[in-house]
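The structure under discussion appears below in the form of structure tokens.
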Amino acid sequence: MKHLLDLQNLAPDEINTILDNAVPMKQILNREIKKVPTLRGKTVVTLFYEPSTRTKTSFELAAKYLSADTVSISAPSSSVVKGESLIDTAHTIKAAGADVVVLRHPAAGAPYLISRRVDASVINAGDGMHEHPSQALLDIFTIKEIKGSIAGLKVVIVGDILHSRVARSNVWGLSKLGAEVHLVGPATLLPPGIENLGVQVSSDLDAVLPGADVIYVLRLQLERQNQGLLPSLQEYASLYGINSRRVELAQDDVLIMHPGPLNRGVEISNEVAEHPNAVINQQVTNGVAVRMALLYLLSVGDVSNETAN
Amino acid sequence: MELRTKAEILDQVGIRRALTRIAHEIIERNKGVTNVALIGIRRRGVPLSIRLAERIKQIEGIEVPVGFLDITLYRDDLTRLDYHPHIYRTEVNFSVTDKIIVLVDDVIYTGRTVRAAMDAIMDLGRPKAIQLAALIDRGHRELPIRADYIGKNVPTSKKEIISLRIKEIDGEDSVLIQEPLRE
């Protein structure tokens, strides 16, 4: 594996390899000395064209725990979007001598463009409304850690599907591993044609929840809700907010997940956020382990040899 | 690669006797085993460390702690490999600090695995001492490292291969010395 650009083009075997390697990485996080020398002398550049705290911190911690050097470049989200500026970005990365570039960009496809212009491995940390593969991998790792396997699980992803790269990556990853994925949200926030990805689509949350093994609550991206797609936050909360009553509808051992940060009282109620089945903090911890596995797999070994196979 | 077997160095009985002797040596050298713990290096050091612990229990009546170590993340050749080595779990469920740690491996060769294992143990704590037990010492050290307990010294040439098979992993106990049929 040279880059991680999406889950759409990853084989189930490749996804499982990443998940398997995250298990021993997680052990390192529980040690007194949370550091191994594996990536000594390697440089990981995080390049974020959109604000992010947890994804960026998670990648930087993962790199540091593996003894890589990290450089963080944040670009103001307003100044550059696409076209020539991305090519300039590639030049910056080359000049920095990076081995791995972690890129977040508002334009879908930006990581692909960059990956063709740099020698470094590129990890997509979110591109527009397209994909956020490392988030989905940590979500799938968390489900697998608790449930044992993914195949046959009923996973309900609820919220703003239209704007969600997290949802799209999870759809690809979970489907490839055999989960039954349901997407639920107001009709205005369900992209047309999404059912073609082999998922069930509905706007009636209460009808979908019975039998759910996982409720994945998407963050309502308030910054994207100025286009009149929602009547009001109150109405959204009453129809699609996950509260204790709705959790009761699902399986007793349902997992409640959220990529963070939470809008408490909007997509998730306070009680549910603190529910014993909510694994939101575990997702954050697992994020570091999964990203360590990714950095290890992308940085170790002669990649040119591997792509030849 | 086709291999020709040149000789069987140890059979099942030979391995058993070697481990029994090593167990006695560990007890003698450390004047008992009250502060001793064994750590097997994955993969074939693991069953060997379990067997040594059993042998020590038979002799001294004391169960020494046993842990297992995966050294992949500490290897010095990671960037030179053309594959991803599988990372196994490290299971050391006791504090190594102030203990006498006996590392257990199947074959000691260049010494690089032992170097990596020592670094990995140091990251788990500060042992009182680290000792090394190996079933086979085949020479050709590239680092200033030697084993404290050796099952059998086997002078080899670099092109020869030591094929060590352990029942728990390979279905039988044997140590063969082999070489490629063609150059």
Side-chain angles (χ1 to χ4, degrees), chain A residues 1-2 4 13-44 62-69 99-100 119-121 141 145 289-290 292-309, chain B residues 1 37 39-46 65-99 101 103 110-128 130 142-143 145:
Chain A
M1 212 186 332
K2 167 80 178 167
L4 177 72
D13 279 357
E14 292 175 299
I15 295 175
N16 281 321
T17 301
I18 297 166
L19 302 179
D20 290 348
N21 278 286
V23 175
M25 296 300 180
K26 189 170 180 185
Q27 289 191 311
I28 295 168
L29 301 181
N30 296 324
R31 301 194 327 202
E32 207 169 309
I33 299 176
K34 299 184 189 60
K35 209 172 181 74
V36 290
T38 315
L39 298 189
R40 259 185 325 179
K42 301 268 184 188
T43 303
V44 175
K64 286 176 202 292
Y65 291 160
L66 291 171
S67 299
D69 295 307
D99 296 291
V100 180
D119 305 323
S121 292
F141 178 83
E145 188 177 45
V290 167
M292 287 169 79
L294 283 173
L295 292 173
Y296 166 72
L297 291 170
L298 294 183
S299 312
V300 165
D302 182 351
V303 179
S304 57
N305 198 350
E306 203 169 321
T307 39
N309 293 336
Chain B
M1 187 170 56
I39 293 185
I41 301 176
R42 293 209 183 261
R43 287 179 72 211
R44 288 182 178 71
V46 167
V66 183
F68 313 125
L69 193 65
D70 183 277
I71 57 104
T72 308
L73 296 170
Y74 290 83
R75 284 172 66 156
D76 59 8
D77 57 352
L78 281 173
T79 50
R80 298 167 54 156
L81 300 173
D82 57 1
Y83 65 99
H84 289 115
H86 188 96
I87 311 173
Y88 294 92
R89 297 173 73 92
T90 286
E91 293 168 53
V92 179
N93 302 318
F94 52 85
S95 166
V96 301
T97 299
D98 294 332
K99 284 208 175 57
I101 300 296
L103 272 175
T110 61
R112 288 176 190 269
T113 301
V114 176
R115 195 282 308 162
M118 287 194 287
D119 281 353
I121 287 177
M122 297 295 191
D123 279 356
L124 299 175
R126 187 179 187 280
K128 180 163 185 271
I130 299 179
E142 293 169 5
L143 296 172
I145 284 172

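Residue numbering restarts at 1 for every chain, and letters A, B, ... go by the order of the sequence lines.
- Considering all non-hydrogen atoms of both residues, Val300(A) and His84(B) come closest at O-NE2, 2.9 Å.
- Around CD of Glu32(A), the count of heavy atoms belonging to other residues, nucleotides or ligands within 6.0 Å does not exceed 12.
- Taking Tyr88(B) as the reference, His86(B) meet the ring-ring contact (aromatic ring centres under 6.0 Å, His included) condition, with sequence neighbours excluded.
- Contacts of Ile28(A) with chain B are made by side-chain atoms alone, with heavy-atom separations under 4.5 Å and no backbone atom involved.
- Each of Val92(B), Asp123(B), Thr90(B) was evaluated against Arg31(A); a single residue qualifies, Asp123(B), per the side chain to side chain contact (heavy atoms under 4.5 Å, CB included) test.
- Rounded to the nearest 0.5 angstrom, Met292(A) CE and Leu73(B) CG are separated by 7.5 Å.
- By the neighbour-count criterion of 12 heavy atoms within 6.0 Å, atom NZ of Lys35(A) is densely surrounded, having more than that number from other residues, nucleotides or ligands.
- Every residue two or more places apart in sequence or in another chain that forms a side-chain contact (heavy atoms from CB on, under 4.5 Å) with Thr17(A) is listed here: Asn21(A), Leu297(A).
- Side-chain contact between Ile33(A) and Met122(B): absent, with no pair of heavy atoms (C-beta onward) separated by less than 4.5 Å.
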